[in-house]
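Reviewing the structure listed below.
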Amino acid sequence: DLVRWGPLSPYELQNRFAFMVSKRQAEDFRARLAAGEKIVLSARVDAKMVPATYDVVVATIPGTDPASGEVVLTAHLCHQSAGANDNASGVATLLAVASRVSASRPAHSVVFAALDAAESGLNGARAFLADPPVPREAIVMNVNLDMVGRDAKNVLFASGTFHYPFLKAYLKDVARPPVVLRLGHDAPNVKGEDDWTRDSDHYPFHQAGIPFIYFGVEDEAQHHKATD
């Protein structure tokens with residue numbers, strides 16, 4: 001019945017603490033609720049703030065037109081259940097893009113940020129935005145890479161255009177076979193789709209009003225398992 005706990009965030013003015021139950025407990029509660037039983041849970045939470053640091057690895061490749069602004073490319077390098085897809089695939093892609101960009105510089109400068117503490121409240125991204133290596137107003141968008149390594153149907157999602165429709169034009173015809181690029185997982189109440197808006201390191205950028213595109217695949221059988 002061991003479960004992880006939710007930390008308090010130093011970047012939130014109003015913190016709310018939540019606790020989780022194990023899968024076994026959850027299944028037991030569901031069965032009892034389905035049978036009509038009323039269940040009341042109570043808990044006492046003792047919490048405090050303690051000093052901490054986050055490891056955020058950052059590098060910048062200047063663009064050919066500094067006035068164009070900065071694009072921040074992110075991938076989280078940590079995970080409590082570290083795996084190949086989640087998220088070594090994102091970090092590997094970040095490094096591959098850095099190699100490509102260094103050989104052929106675009107107009108925009110590109111900031112590469114390998115982030116820590118994604119699973120404990122996206123605090124690596126929040127730490128980056130609290131003290132960015134470039135002026136925050138110069139950041140024109142965030143491209144986030146989280147689980148881009150494999151999908152049984154070779155479908156990769158680009159999430160974010162529901163919030164920022166102008167980005168659709170930049171995603172047209174960018175995928176190469178066998179990869180199929182689809183837009184989605186960014187709108188509420190879409191049948192058969194989870195909303196990923198809050199699910200990864202792009203969310204603090206979105207909260208700051210910075211447009212984002214999040215590339216990722218849907219969960220698969222090895223997600224959060226040692227077999228990933």
Side-chain angles (χ1 to χ4, degrees), residues 3-12 15 18 20 52-61 70-101 110-134 136 139-151 155-160 163-164 184-186 194-228:
V3 295
R4 66 184 185 181
W5 49 273
L8 301 175
S9 172
Y11 304 104
E12 296 289 344
N15 268 292
M20 291 171 273
T53 59
Y54 298 112
D55 297 320
V56 179
V57 183
V58 177
T60 300
I61 297 178
E70 313 272 343
V71 173
V72 179
L73 192 68
T74 54
H76 69 84
L77 52 79
C78 67
H79 201 290
Q80 290 172 323
S81 302
N85 198 25
D86 190 10
N87 186 36
S89 66
V91 176
T93 303
L94 183 146
L95 295 173
V97 173
S99 177
R100 181 69 177 267
V101 170
V110 182
V111 179
F112 299 87
L115 303 172
D116 192 9
E119 297 297 316
S120 61
L122 310 177
N123 284 323
R126 298 187 193 281
F128 175 91
L129 286 169
D131 186 21
V134 297
R136 184 186 287 196
I139 301 174
V140 296
M141 76 170 297
N142 166 237
V143 178
N144 186 39
L145 306 164
D146 190 351
M147 291 178 56
V148 296
R150 65 177 178 179
D151 178 80
V155 174
L156 179 68
F157 278 90
S159 177
H163 304 286
Y164 307 101
H185 285 291
D186 51 9
D194 296 326
D195 183 357
W196 294 347
T197 300
R198 299 169 178 259
D199 285 3
S200 188
D201 293 303
H202 55 277
Y203 182 53
F205 290 86
H206 178 53
Q207 288 181 302
I210 298 170
F212 75 87
I213 289 293
Y214 163 32
F215 289 105
V217 300
E218 294 181 327
D219 291 353
E220 36 78 33
Q222 312 308 322
H223 186 223
H224 286 185
K225 294 183 179 178
T227 49
D228 178 13

Working to the nearest 0.5 Å, report the span between [atom1] of [X] and [atom2] of [Y].
{"X": "L145", "Y": "L95", "atom1": "CG", "atom2": "CG", "value": "10.5 Å"}
{"X": "L122", "Y": "D199", "atom1": "CG", "atom2": "CG", "value": "8.5 Å"}
{"X": "D116", "Y": "T53", "atom1": "CG", "atom2": "OG1", "value": "8.0 Å"}
{"X": "Q207", "Y": "H202", "atom1": "CD", "atom2": "NE2", "value": "10.0 Å"}

Looking at every non-hydrogen atom in both residues, tell me the closest pair between [X] and [Y] and how far apart they are.
{"X": "N85", "Y": "R150", "result": "OD1-N, 3.4 Å"}
{"X": "I61", "Y": "F112", "result": "CD1-CE1, 3.6 Å"}
{"X": "A158", "Y": "I213", "result": "CB-CG2, 4.1 Å"}
{"X": "L115", "Y": "G124", "result": "CD2-O, 3.9 Å"}
{"X": "H76", "Y": "V91", "result": "O-CG2, 3.7 Å"}
{"X": "A114", "Y": "L77", "result": "CB-CD2, 3.2 Å"}

Subject >> Residues which pass ring-ring contact (aromatic ring centres under 6.0 Å, His included) with F157, listed by chain and number, not counting sequence neighbours >> reply: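 Listed in chain order: H185, W196.
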
Residues which pass side-chain contact (heavy atoms from CB on, under 4.5 Å) with [X], listed by chain and number, not counting sequence neighbours:
{"X": "D151", "result": "K153, V155, V217"}
{"X": "D219", "result": "M147, H223"}
{"X": "R198", "result": "Y203"}
{"X": "V58", "result": "V56, V111, A113, F128, P133"}

Original post:
For T197, what residues pass the side chain to side chain donor-acceptor pair (under 3.5 Å) criterion, not counting sequence neighbours?
Top reply: H163, D195

**OP:** Look at the side chain of D186 and the backbone N and O of S159, then say whether any donor-acceptor pair between them is shorter than 3.5 Å.
**Re:**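 No, because the side chain of D186 does not come within donor-acceptor range (under 3.5 Å) of the backbone of S159.
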
Original post:
Quick one: which of D146, N142, D201 gives a side chain to side chain donor-acceptor pair (under 3.5 Å) with T74?
Top reply: N142

**OP:** For side-chain contact (heavy atoms from CB on, under 4.5 Å), just list the numbers for I210 and L129, CA-CA rounded to whole Å, side-chain angles, deciding distance to a tenth of an Å, and then say yes or no.
**Re:** CA-CA 11 Å; I210 298 170; L129 286 169; 4.1 Å; yes

Original post:
Below 4.5 Å, heavy atoms only, C-beta onward: do L156 and F215 meet side chain to side chain?
Top reply: yes

**OP:** Answer yes or no: is there a side-chain heavy-atom contact under 4.5 Å between V110 and V97?
**Re:** no

